[in-house]
Amino acid sequence: MKKPNILFILSDDQGYWATGKHDREIVSPNLNRLSDKGVTFDNFFCVSPVCSPARLSIFTGKIPSAHGVHDWIAKGHIDSNHLSDDLKENFANENRPEEYNWPRNQLSGDTARMYLNSQRCFTNALAENGYDCSIIGKWHMGESEVPQAGFTDFRTLAMGGDNYMFPVICKDGVVSMLKNKYVTDYVTENAVEMIQSHPKDKPFYLSVHYTAPHAPWDKEQHPKEIYDMYEYCDFTATPNVPIHKDADIYGMNDKDYQAYRIKCLRGYYSAITGMDIGIGKILDTLKEQNELDNTIIIFTADNGMSMGHHGIFGKGNGTYPMNMYDTAVKVPMIISYPQQFKSGFKTKALCSHYDIYPTLMDLLDIKTEDLSNLPGSSFKEILLGNDNTGNESVIVYDEYGPVRMIRTQNYKYIRRFTFDNYDEFYDLKADPDELNNCIDKPEFADIINTMKNELEEWFNKYSVPQYDGKYLDVHGIGQLEMLDGDTNKQLFK
């Protein structure tokens with residue numbers, strides 16, 4: 001019997017709250033039906049609340065302090081000699097159209113860096129065990145042109161964030177811009193073609209990496225028919241609170257802030273709906289190809305996102321110092337495989353992206369030594385309906401450079417190693433929205449001390465010294481180089 005296919009759908013900057021199941025204002029019927037047929041995790045966490053570290057952690061099962069990427073990768077995407085003539089010409093033109101500015105900042109003069117060099121991914125193990133591994137969409141883990149990590153069909157976008165209507169793609173050795181092509185549709189169309197053309201006698205692993213709902217959220221970034229769906233939306237499901245004191249928009253007057261809030265939410269919701277339409281087409285294609293029942297479908301996001309929550313429009317780097325609010329570190333996670341997993345099951349168990357690698361190996365009965373030094377553990381039993389891990393013994397951890405978090409069902413402690421007087425502690429039982437920092441309350445002193453020691457011991461166990469982010473000068477505005485022990489390099493923006 002053929003092994004099950006695996007469809008891994010990864011969204012970009014999507015908070016756990018940002019599906020129609022949580023926020024009724026968001027139109028996402030296909031994610032809703034996926035949840036109805038699958039297992040939905042209410043407490044699933046990224047490993048770092050920013051794109052590149054989170055993505056490397058998903059695929060390697062390692063924490064950033066073990067793989068060495070601690071901020072979103074700002075340089076190292078492509079070889080700038082491979083830029084199309086159109087891009088070269090417009091990058092050099094001071095009067096270039098607006099759509100060239102973003103790619104120019106990241107791709108002009110760029111040199112590809114293999115951030116995954118020497119790192120082993122779960123896709124390597126899949127490829128070695130009979131899977132054809134393909135990817136379409138956002139990569140953002142360094143070198144974007146050369147197939148790696150077990151992938152053979154490698155159809156990637158050139159960088160991280162991108163314009164929705166003018167995406168820059170890598171194809172046939174050339175990095176070029178698509179004009180007036182909705183990137184969400186581009187990703188969907190390629191995913192559909194990959195499924196349709198795959199041989200029936202061999203299992204596939206397909207990564208579908210959307211850029212949605214990452215910024216930009218302006219009106220012109222999305223198809224009119226989708227954007228118009230939210231013309232009369234009240235956007236009451238997200239908090240409308242004062243701007244956070246550490247946010248980059250702090251000081252904006254209230255009138256401008258309210259206009260900014262509506263613009264961001266309308267674009268963000270539109271991006272989710274556009275992606276959801278694409279997901280529906282992919283699911284329909286699996287059904288048409290008689291592969292739906294034999295495909296494990298995983299939907300998650302690289303990291304969470306605050307869209308007005310706590311007065312922040314951003315993820316972990318929506319503030320400086322970087323934040324670890326649940327809206328930044330919790331992500332949606334839906335896994336569907338009705339013939340084996342419990343349909344319509346919701347679990348409150350705490351799990352993390354670093355658990356994906358061991359879970360896949362467990363599900364597919366792949367024996368590998370890769371897992372011996374990894375922090376994650378399989379949640380296969382939860383998928384089968386055995387929800388017995390959501391208790392105080394389950395702890396999740398996050399990091400973003402010098403900012404680290406330890407979280408149980410009831411408490412969260414945040415340690416900032418290079419910032420004075422910025423530690424936080426939240427009693428999640430009494431304060432699930434994390435509104436009251438209790439770091440100085442004497443009644444929590446013993447709990448804080450215990451969590452502080454547990455956090456230190458855990459990171460000491462799983463960190464690799466040359467990649468340890470504890471004291472790195474990470475600002476949340478981009479990583480420029482690989483960590484290799486050369487302290488003379490400017491590693492971060």
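Starting from 1, each residue takes its place in the sequence as its number. Keep in mind the model is a prediction, meaning the values are calculated, not measured. Note: hydrogens, waters and symmetry copies are ignored here, and every other heavy atom, side chains too, is used.
- Using a cut-off of 4.0 Å between Lys/Arg side-chain N and Asp/Glu carboxylate O, Asp86 and Lys179 are scored as salt-bridged.
- Classified by interplanar angle (parallel below 30°, tilted 30° to 60°, perpendicular above 60°), the ring pair Phe151/Phe154 is tilted.
- For the side chain to side chain donor-acceptor pair (under 3.5 Å) test, no residue two or more places apart in sequence or in another chain qualifies with Ser118.
- Taking the six-membered ring for Trp and thresholds of 30 and 60 degrees, His140 and Trp72 have ring planes inclined between 30 and 60 degrees apart.
- Arg404 meets the salt bridge (charged side-chain N to carboxylate O under 4.0 Å, His left out) test with Glu399, Asp468; sequence neighbours excluded.
- Contact check on Glu481 versus Arg113 returns a salt bridge, with a Lys/Arg side-chain nitrogen under 4.0 Å from an Asp/Glu carboxylate oxygen.
- In this structure Thr285 satisfies the side chain to side chain donor-acceptor pair (under 3.5 Å) test with no other residue, sequence neighbours excluded.
- Heavy atoms only, all atoms of each residue included: Lys62 and Gln119 are closest at NZ-OE1, 2.8 Å.
- Aromatic ring orientation, Tyr268 versus Trp217: perpendicular (interplanar angle above 60°, classes split at 30° and 60°).
- The aromatic rings of His209 and Phe8 sit perpendicular to each other, their planes meeting at more than 60°, with 30° as the lower class boundary.
- For the side chain to side chain donor-acceptor pair (under 3.5 Å) test, residues two or more places apart in sequence or in another chain that qualify with Ser57 are His67.
- Using a cutoff of 4.0 Å between basic side-chain nitrogens and carboxylate oxygens, Lys412 and Asp326 are scored as salt-bridged.
- A side chain to side chain donor-acceptor pair (under 3.5 Å) check over residues 167-176, counting only residues at least two apart or in different chains, returns nothing.
- Between the side chains of Thr40 and Ser35, a donor-acceptor pair is found at a separation under 3.5 Å.
- Between Phe417 and Phe459, the distance separating the two ring centers is not shorter than 6.0 angstrom.
- Using cut-offs of 30° and 60° for the angle between ring planes, the His198 and Phe204 rings count as perpendicular.
- Using cut-offs of 30° and 60° for the angle between ring planes, the Trp17 and His309 rings count as tilted.
- With sequence neighbours excluded, no residue satisfies side chain to side chain donor-acceptor pair (under 3.5 Å) with Tyr16.
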